[in-house]
Amino acid sequence: MLSCDEATKLIALKKYRKIRLIDRIRLSMHLIACKYCKSFEVFNNKLEDSIEHTCSNISTSNSEITSEKKTDLKNLINKNIQK
Amino acid sequence: MSEQSLNNLEPQLWVDRYADQLFRYALIRVNKRETAEDLVQETFISGLKQKSSFRAESTEKTWLYTILKNKIIDYYRSNEKKYSGKFYDINDEHGTDRYFHHEGSRTGTWKENQQTIIFNESADNQLLSGEFYTILQNCIERLPDKWATVFRLKNIEELETKTICKELNLSSSNLWVIIHRAKLQMQECMKNNWVNEK
């Protein structure tokens with residue numbers, strides 16, 4: 001039987017590494033019996049969804065420096081070139 | 001490869017050529033616009049100061065990226081210090097002891113004060129309120145930058161674990177502990193800040 005420590009580790013890492021078949025089976029058996037780990041599994045899914053959502057925001061909008069900041073940067077560079 | 005390989009740096013064109021790319025690279029790794037902008041600015045300033053270290057075998061772009069990467073590593077270091085001895089201490093060697101018994105016959109089971117049921121089983125497909133995600137977002141933002149970066153690198157750049165470890169200077173076992181613990185801590189954060197009324 002998996003411990004809760006091991007079960008939550010498998011859940012937390014499933015997106016990051018492959019889980020052996022035997023561990024998948026042990027995990028699903030554990031989750032039938034343990035409501036705390038089951039709740040953690042649902043939390044983990046919501047968390048991964050949320051991270052994915054934030055990430056798609058970074059890659060689309062928001063990923064440019066504002067034009068004011070660019071002007072500042074250009075001025076700063078010109079000032080430092082002349083030094 | 002034309003002019004740059006002749007050891008010509010063209011700082012007056014850096015902003016138009018590289019600022020957005022460098023900014024985005026930094027933003028994924030630090031997640032705050034202001035911090036990312038500051039890092040880009042510091043990169044340009046350092047670039048000007050270290051002009052003489054530029055070698056023709058490198059391109060201007062790669063060279064600026066190298067400077068930025070070092071700036072990010074310095075930033076992580078100062079960021080980690082902030083958490084030292086606290087809830088999210090990156091160097092805390094106790095792994096998941098806060099959550100699970102680590103001695104005796106109950107080793108590996110949840111400690112009583114950490115037994116949490118945020119969700120019942122049917123909640124998995126349930127759409128949650130915007131409030132839930134706002135609070136969750138706050139919990140994620142409290143993570144040390146290096147930890148949160150692990151999650152973003154996996155999602156945005158779809159990096160292999162090996163590459164993530166190399167970039168963040170972590171061993172793979174370190175990385176597993178960080179992901180596991182960060183998620184347990186975020187659940188604890190949610191438990192303390194969000195009440196599920198359903």
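All chains are named by letter (A, B, ...) in the order of the sequence lines, taking the proteins before the strands, and each is independently numbered beginning at 1. All figures in this text were calculated on a predicted structure; none of them were measured in a lab.
On the SG-SG cut-off of under 2.5 Å, B/C189 and B/C139 qualify.
Stacking of B/R29 on the aromatic ring of B/Y25 is recorded, both the 6.0 Å distance cut-off and the 45° axial limit being met.
Most heavy-atom pairs under 4.5 Å with chain B, from the set A/T8, A/I51, A/N45, A/T54: that is A/T8. Listed options B/I28, B/I117, B/I140 were ranked by heavy-atom pairs under 4.5 angstrom with chain A; first place goes to B/I117. Ranked by heavy-atom pairs under 4.5 Å with chain A, the first of B/W14, B/F100, B/F132 is B/F100.
For chain A, no part of B/Y99 is nearby; none of its heavy atoms comes within less than 4.5 Å. For A/K69, the part lying under 4.5 angstrom from a heavy atom of chain B is the side chain only. Heavy atoms of B/L48 lying under 4.5 Å from chain A belong exclusively to its side chain. With a 4.5 Å cut-off on non-hydrogen atoms, B/M190 touches chain A through its side chain but not through its backbone. Contacts of B/Q114 with chain A are absent, with no heavy-atom separation under 4.5 Å from either backbone or side chain. When heavy atoms are compared at a cutoff of 4.5 Å, B/T161 approaches chain A solely by way of its side chain, counted from C-beta outward. Neither the backbone nor the side chain of A/E6 has a heavy atom closer than 4.5 Å to any heavy atom of chain B. Only the side chain of B/I45 comes within contact range of chain A, with heavy atoms under 4.5 Å apart.
Counting only distance, with no hydrogens or angles, the side chain of B/R55 and the backbone of B/S52 share a donor-acceptor pair below 3.5 Å.
The structure places NZ of B/K191 at 15.5 Å from CE of B/M186, a figure rounded to the nearest 0.5 Å. Note that CG of A/L73 is 8.5 Å distant from OG1 of A/T66, once rounded to the nearest 0.5 Å.
Among residues 16-30 of chain A, the residues having any heavy atom closer than 4.5 Å to a heavy atom of chain B are, in sequence order, A/Y16, A/R17.
Enclosure of atom CG in B/D16 by more than 12 non-hydrogen atoms of other residues, nucleotides or ligands within 6.0 angstrom is indicated. Surrounding NZ of B/K111 are more than 12 heavy atoms belonging to other residues, nucleotides or ligands, all under 6.0 Å away. Other residues, nucleotides and ligands contribute over 12 non-hydrogen atoms within 6.0 Å of the CD atom of B/E141.
Using a 4.0 Å cut-off between a side-chain N of Lys or Arg and a carboxylate O of Asp or Glu, B/E37 and B/K32 do not qualify as a salt bridge.
Side-chain contact check for B/L13 versus B/Y18: every heavy-atom pair is 4.5 Å or farther apart.
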Evaluate the side-chain hydrogen bond (donor to acceptor under 3.5 Å, both in side chains) criterion for residues B/Q21 and B/K61: first the C-alpha distance (whole Å), next the side-chain angles of each, then the deciding distance (0.1 Å), finally the verdict. CA-CA 10 Å; B/Q21 299 172 45; B/K61 182 173 162 185; 3.2 Å; yes
